[in-house]
Amino acid sequence: MSLGSSWDRPQSQAPQLWLSSLEGGDLGCLSSRERSWGAALPELQRRRYFQSRALLRQQLAEVLGCPGDDVPLHSPPGQPPQLADGRGWVSLSHSGAVLLIGYSSCPIGVDIESTARPLEPVGLMRRFYPDDEQAQLQDLIGDELRRAVLTSWVLKEAAIKWRHRTLAAELAQWSYNHGSGRLRHIGDGAQPDCSSAVQRGWRWGAVGEGCAGLVLQDAGLPE
C-alpha cells in the first residue's frame, strides 16, 4: 500500500487481544513477499506461516478499516511483525492449533502456552528465574508450582517480545512478583503493564502500556 492511501490513520488504540484457531485464514490477502517467503519454508512451517499472516491481516483489517491485502504489514518468517506508517504495533504467538494476536498503538508483546505443556518447573525455576523470585516459590509444590512457573514464563516471553530482544539475552533479567502481579527488569528497572490468564486450557500473557487488566477476545478455538 502506498503512503498516499486515502484510508485514515486509526485513533490511539488501547491494547487488544484475540485468540483463535490457527486455521481458516483467507490466503488471498497475503502479499507477494509473504507468499515468496512462505514457499521457501518446510511444509508444516509454511502452513503455519501462511495461516498466521492471513489471520493477522484479517484481524488488522477490521481494526484499521482497510482491506486485508492493504494492511501495511512487514512480517518475514522468524521476525517480529511490524506495521508501517504509524499504524500501531502487533505481536504474535502460536502454540499447537491456536494463535494469539496482540495489537496496540504502543509497543506490545504477547505469548501463549498450553496449560498441559510438559515442563519441569523446579529445573526451569532454578535455571532461569532470579533468586528473589525463586524465594517466592520455594514453598510451592506440584500443580501450584507448575502454574506459577508457567505464568511467569509467558509474561517474560511477552516482555522480551515487547522490547524486541531475545530469550538468551533477557530471560534471566526479568523477575515476576507473584503477589502483586508485576514484572521488573533487573538491569534497568523497567516495570511494564502486564496481564495473564487462562482461557480454555491456554495460558496467555500480554505486556506493554495499557496491558494491565486486559480481557482476551475468543475468536473461536478448537475443542
Side-chain angles (χ1 to χ4, degrees), residues 15-31 33-63 68-69 71 73-83 89-104 108-121 124 143 146-162 166-167 171 194-208 211 214-223:
Q16 299 179 69
L17 298 177
W18 301 274
L19 182 62
S20 70
S21 173
L22 188 57
E23 60 182 19
D26 177 11
L27 303 189
C29 68
L30 294 173
S31 70
R33 284 196 297 178
E34 287 164 345
R35 294 176 186 277
S36 177
W37 288 327
L41 297 173
E43 181 179 0
L44 178 58
Q45 294 179 37
R46 180 169 63 249
R47 290 201 305 267
R48 288 177 176 172
Y49 175 74
F50 282 158
Q51 284 294 322
S52 64
R53 271 49 178 191
L55 290 164
L56 176 58
R57 283 183 172 277
Q58 289 170 230
Q59 193 65 67
L60 291 174
E62 295 184 17
V63 175
D69 54 4
V71 172
L73 179 68
H74 179 72
S75 186
Q79 296 185 27
Q82 297 181 353
L83 283 170
W89 300 78
V90 292
S91 184
L92 286 179
S93 181
H94 60 76
S95 178
V98 303
L99 175 71
L100 178 64
I101 297 172
Y103 173 78
S104 179
I108 187 171
V110 303
D111 190 58
I112 191 166
E113 295 286 354
S114 169
T115 56
R117 174 185 174 177
L119 60 84
E120 204 293 293
L124 279 176
D143 286 343
R146 190 180 184 283
R147 287 192 296 269
V149 168
L150 185 61
T151 299
S152 178
W153 184 274
V154 298
L155 283 169
K156 291 173 183 181
E157 284 224 39
I160 290 165
K161 292 180 181 180
W162 167 65
T166 65
L167 279 174
L171 183 57
C194 64
S195 286
S196 180
V198 172
Q199 183 134 340
R200 297 179 62 181
W202 301 90
R203 164 64 70 176
W204 60 267
V207 172
C211 283
L214 273 187
V215 176
L216 185 149
Q217 301 176 60
D218 186 338
L221 294 178
E223 296 294 341

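The shown structure was predicted, so the numbers you read here are calculated from the model rather than taken from an experiment. In what follows, residues are counted from 1 in the order of the sequence shown.
- Nearest heavy atoms, Phe50 versus Glu34: CE2-O, 3.4 Å.
- Note that the OG atom of Ser93 and the CG atom of Leu100 stand 6.0 Å from one another [nearest 0.5 Å].
- Between Leu55 atom CG and Gln59 atom CD the span is 8.5 Å, to the nearest 0.5 Å.
- With Arg53 contributing its side chain and Pro77 its backbone, the two residues share no donor-acceptor pair below 3.5 Å.
- With rounding to the nearest 0.5 angstrom, the CH2 atom of Trp37 is 11.0 Å from the CG atom of Leu30.
- The two residues Leu92 and Pro81 come nearest to each other via the heavy atoms CG-CG, 4.2 Å.
- Across Leu73 and Arg57, no two heavy atoms sit closer than the pair O-NH2, 3.7 Å.
- Interatomic distance, Leu155 CG to Ser196 OG, rounded to the nearest 0.5 Å: 4.5 Å.
- Within the 4.5 Å cutoff, the side chain of Ile101 has no heavy atoms near those of the Val90 side chain.
- For the atom pair CG of Leu216 and CD of Gln16, the computed distance is 11.5 Å after rounding to the nearest 0.5 Å.
- The nearest pair of heavy atoms linking Leu22 to Gly96 is CD2-O, 4.1 Å.
- Ring-plane geometry between Tyr103 and Trp18 is classed as tilted, the angle between the planes lying from 30 to 60 degrees on a 0 to 90 degree scale.
- Atom CG in Leu214 sits 6.5 Å away from atom CD1 in Ile108 (nearest 0.5 Å).
- Inter-residue side-chain proximity for Leu124 and Leu150 is flagged as unmet; no heavy-atom pair is nearer than 4.5 Å.
- Lys156 meets the side-chain hydrogen bond (donor to acceptor under 3.5 Å, both in side chains) test with Glu133, Ser152; sequence neighbours excluded.
- Under a 3.5 Å cut-off, the side chain of Ser91 and the backbone N or O of Gly102 do not form any donor-acceptor pair.
- Between Trp202 and Val98 there is a side-chain heavy-atom pair separated by less than 4.5 Å.
- Contact check for Val71 versus Leu56: no side-chain heavy atoms found under the 4.5 Å cut-off.
- Residues Ala206 and Cys211 approach most closely at O-CB, 3.9 Å, considering heavy atoms.
- In this structure, the side-chain hydrogen bond (donor to acceptor under 3.5 Å, both in side chains) partners of Glu43, at least two apart in sequence or on a different chain, are Arg47.
- Taking the side chain as every heavy atom from C-beta outward, His94 and Gln51 never approach each other to under 4.5 Å.
- Shown here for Leu41 and Arg46, the closest heavy-atom pair between the two residues is O-NH1, 2.8 Å.
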